[in-house]
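Read the structure below first, then the notes.
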Amino acid sequence: MFVTTLLCNPDTPRVEPALVESLRNAWGGGELRWLAHGIAAEFEMPHLPGNQWDIWEDLQKTGVDLVLQPLEGRRKKMLLADMDSTMIQQECIDELAEEAGVGAQVKEITARAMNGELDFDGALKERVGLLKDLPETVIDQVLANRITLMPGGKVLLATMRANGAYAALVSGGFTAFTAKVAATLGFDENRANTLLVENGTLTGKVGLPILGRQAKVDALEEITTHLGITESDVIAVGDGANDLGMLGRAGSGVALHAKPTVAAQCDLRINHGDLSALLYIQGYMADEFQGV
């Protein structure tokens, strides 16, 4: 059996009953279940429809996300999440670069790296090099004044952990940021790169080895082994090319507001919903949400 979920941005409810009923009837779906009225609904189906992606494209124009997946095993025991532009709304290195006066240059490199156009390790070293001699105190300033959480993150973490799931934040960014974000949201652990500092200033170098695409896959393997669960028990979320390895290996790999080249390689795509969408596609109802 498969399950179809329609959802949208919780701030602008637009999942209309007529829309859901029309699609359910066209696809021969089962009983309709509202997870949150106007925001998320689902129904089961015996098989995947041949016009799934045509309907997906039509719904995208109306601000509605469509997710189809196997029904069995969709509620996961572990969350593996990227940080930049996923759990937070910014790219940390871009915000540091703004403080260093090289914002435009670094943002261009970041965009190309996240789109898979550049080697991640080389692009990271180049960008960090442009931060040389920046005072270490700028990190706290950026955290306080420039970094904002992605909507839905707190309820996602609180709800999954209340239901026994483990949560790991694994980022190609920096530990100075992941430590703060992980503590704020309630992650069980965090992994990231280290900005090297001497005499209170950034050296322009990053600690080795660099945590990139393969390191995220390694984290998936290591943590699931440690927990005694399988990779199919994991829901992973990210937006950039360096997330594709873990998104492809996890039981559910969700491309959240992802770069087009990344989204094209993922079957679970959330472009309009926020992080609470990861709860809806696992079958959680809004009245089960924690930390609201």
Side-chain angles (χ1 to χ4, degrees), residues 3 5 7 10 35 40 65 67 69-70 72-89 149-173 175 177-192 211 213 215-240 242-258 262 266-270 273-286 288-292:
V3 60
T5 309
L7 57 91
L35 305 174
D65 288 318
V67 173
Q69 60 180 321
E72 185 177 357
R74 64 169 168 156
R75 188 164 290 197
K76 303 303 184 183
K77 300 176 182 178
M78 173 179 159
L79 170 68
L80 183 64
D82 172 47
M83 180 180 70
D84 296 281
S85 298
T86 300
M87 299 308 302
I88 62 174
Q89 298 186 82
L149 299 174
M150 189 70 74
K154 287 188 176 181
V155 71
L156 170 63
L157 267 292
T159 303
M160 286 194 68
R161 293 193 70 202
N163 284 272
Y166 188 88
L169 184 66
V170 184
S171 171
T175 53
F177 292 91
T178 58
K180 176 68 173 181
V181 172
T184 299
L185 291 175
F187 279 93
D188 292 289
E189 69 172 271
N190 69 94
R191 303 183 183 192
L211 192 156
R213 176 170 174 159
K216 295 191 176 192
V217 174
D218 293 344
L220 174 62
E221 295 176 349
E222 292 166 7
I223 298 171
T224 53
T225 298
H226 175 72
L227 295 175
I229 62 176
T230 68
E231 294 179 8
S232 63
D233 292 322
V234 179
I235 185 168
V237 60
D239 73 302
N242 64 324
D243 298 316
L244 281 170
M246 70 174 186
L247 294 180
R249 290 276 294 271
S252 296
V254 181
L256 181 82
H257 306 167
V262 176
C266 299
D267 288 336
L268 307 184
R269 309 171 190 174
I270 303 298
D274 61 17
L275 283 165
S276 65
L278 272 68
L279 294 174
Y280 291 129
I281 67 174
Q282 291 183 76
Y284 286 98
M285 299 185 72
E288 296 179 82
F289 287 5
Q290 303 291 315
V292 179

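Below, each value reflects all heavy atoms present in this structure, side chains not excepted, and no hydrogens, waters or symmetry copies.
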Please list, chain by chain and in numerical order, all residues satisfying salt bridge (Lys or Arg N to Asp or Glu O under 4.0 Å) with [X], sequence neighbours excluded.
X: Asp82; answer: Lys216
X: Asp233; answer: none
X: Arg249; answer: Glu221, Glu231

Counting N and O atoms only, with roles assigned by atom type, does the side chain of [X] sit under 3.5 Å from a partner on the main chain of [Y], one being a donor and the other an acceptor?
X: His257; Y: Gly238; answer: no
X: Asp188; Y: Ala168; answer: no
X: Thr159; Y: Gln290; answer: yes

Could you work out, with side chain to side chain contact (heavy atoms under 4.5 Å, CB included) as the rule, every residue matching [X], not counting sequence neighbours?
X: Thr184; result: Leu149, Lys154, Lys180
X: Arg74; result: Val3, Thr5, Arg33, Glu42, Gln69, Leu71
X: Arg213; result: Asn242, Leu244
X: Pro70; result: Phe2

Test side-chain hydrogen bond (donor to acceptor under 3.5 Å, both in side chains) applied to [X] - qualifying residues, sequence neighbours left out:
X: Asp267; result: none
X: Lys76; result: none
X: Glu189; result: Tyr166, Arg191
X: Thr178; result: Asn190

Report task. Using the test ring pair (Phe, Tyr, Trp, His ring centres under 6.0 Å), find all partners of Phe289 that sit at least two apart in sequence or belong to another chain. Result -> Tyr280
Requested in this report: For Asp239 and Val262, run side chain to side chain contact (heavy atoms under 4.5 Å, CB included): C-alpha distance rounded to whole Å, both residues' side-chain angles, the deciding distance at 0.1 Å, then the answer.
Outcome: CA-CA 7 Å; Asp239 73 302; Val262 176; over 6 Å; no
